[in-house]
Amino acid sequence: MPGIDGLELVKQARERFPLVPVVLMTAHGSEETAVEALGAGAASYVPKRRLATELSDTIESVLMVARGARDERRAYELLDGGELRHVLGPEAADVTALVRYFQRLLERIAAWDHPEVLQIGVALREALINAVEHGNLELDSALKDEGRYDELRAEREYTPPYKDRRVGVVTRIGPEKLTWVITDEGAGFTPDAVPDPTDPLNLDREWGRGLLLIRTFMDDVVFNGTGNEITMTKRRDVTPRDKRAAR
Amino acid sequence: MKLERTDDGARTVLRIKGELDSITAPEVRATFDEVVESETKQVELDLSALRVIDSSGVGAIVSLFKRMRAYGGKLEVSGVSGQPLSIFKVLNLIKVLGIQ
């Protein structure tokens, strides 16, 4: 393959044809490449010397998983509506877990392509971090300039009243759109007062970019009057995925 | 997230792999602080293996850029593609950080 190695091929195949599982054939001593390829999205690998004995079983198990994924997507097409409710504490690991959960859900139901799922994940993460850290833990971003943000975050995670506050996340799943309503128990803020981070005067500031990323990657973003609740909507491209890829 | 550091005289290469977000940004910040404290003149930040970045990750990189600029150091950001590239574009930071 001129100009491209096996690892890059796996990455590109996963991006361009996410429904096609990739099985890697590895030469002796290339176990590290195989691990990297799995990380890049390959479904499995077979060592070259065991090709004759293992390829058939490997393909069969990979196809079984792929069929299961197809069934999940088909079931989503039949979905008329649903609602999920999550409650988060102050731990940062909760945010990561929930964002990954939603990204996996979006990948499984194939509502959006992989790059877009990553961006939706960023918007969700920014909104959740805002709710937990700026809302419930009352941390001012300007503390980052003084290098005190992380230290104070760790302290407030275990200090009342901050530690007892919760963030509610309601996710409404519909056939044409997903909506997330994220509510914290802080005092709220004024979204219109957040300075534009793309203004030349603000470009080298360390903070203040989260809201712009949320507005960029979601289709609709609305705050309540207090500023402690954000409603974000992402509309679904209802064109079947194979036709989307062909466009 | 994984951060690899290679020092070659006055030049340091920092390679970030994986996800640079609000969880992992404090980890890279510690290495960035060392670079600034030693007033390293030239730093290449290799982001070719960076898969995802959020505003906290961007903030950490902008902070490094700003602090290096204050003592006359030069930060070169290389290998940016995919999701991180689109984030830097949205945030109007391509030119500021000299991203190719």
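Letters A, B, ... mirror the listed sequences (proteins, then strands); counts begin at 1. Values below: all heavy atoms of this structure, side chains included; hydrogens, waters and symmetry mates excluded.
Residue contact with chain A, scored on non-hydrogen atoms closer than 4.5 Å, is absent for B:D33. With a threshold of 4.5 angstrom between heavy atoms, A:D150 approaches chain B through side-chain atoms but not through N, CA, C or O. For A:T198, the parts lying near chain B are the backbone and the side chain together; criterion is any non-hydrogen pair under 4.5 Å. Heavy atoms closer than 4.5 Å to chain B are found in the side chain of A:F217, but not in its backbone. Heavy-atom distances place no part of B:L97 under 4.5 Å from chain A, backbone and side chain included. Heavy-atom distances place both the backbone and the side chain of A:L203 under 4.5 Å from chain B.
Comparing B:V52, B:I87, B:N92 by how many heavy-atom pairs each has under 4.5 Å with chain A, the most go to B:N92. Note: B:D21 leads B:I53, B:I61, B:D21 in heavy-atom pairs under 4.5 Å with chain A. For the set B:G82, B:S63, B:S56, B:A25, the entry with the most heavy-atom pairs within less than 4.5 Å of chain A is B:S63.
In this structure, the side chains of B:V58 and A:R209 come closer than 4.5 Å at one or more pairs of heavy atoms. Residues A:R125 and B:S22 are in side-chain contact: their nearest non-hydrogen atoms beyond the backbone lie under 4.5 Å apart. With a 4.5 Å cut-off on side-chain heavy atoms, B:R69 and A:D204 count as touching.
Within 6.0 Å of NZ in B:K66 there are more than 12 heavy atoms belonging to other residues, nucleotides or ligands. Heavy atoms of other residues, nucleotides or ligands lying less than 6.0 angstrom from CG of B:D8 number 12 at most. Annotation for B:K41: atom NZ counts as buried by contact number, over 12 foreign heavy atoms lying within 6.0 Å. B:Y71 OH: more than 12 foreign heavy atoms inside a 6.0 Å radius.
At a threshold of 4.0 Å, the pair A:R100-B:E19 counts as salt-bridged, since one of the basic side-chain nitrogens sits closer than that to a carboxylate oxygen.
Of all non-hydrogen atoms in A:A92 and B:I23, the two that sit nearest each other are CB-CD1, 3.2 Å. Nearest approach of B:V90 to A:L212, heavy atoms of both residues: O-CD2, 3.9 Å.
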Set out, in order, the CA-CA distance, both residues' side-chain angles and the distance that settles salt bridge (Lys or Arg N to Asp or Glu O under 4.0 Å) for A:E206 and B:R29, then state yes or no. CA-CA 12 Å; A:E206 195 181 333; B:R29 227 181 278 272; 2.2 Å; yes
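A distance-only check finds a donor-acceptor pair linking the side chain of A:E126 to the backbone of B:S55 [under 3.5 Å].
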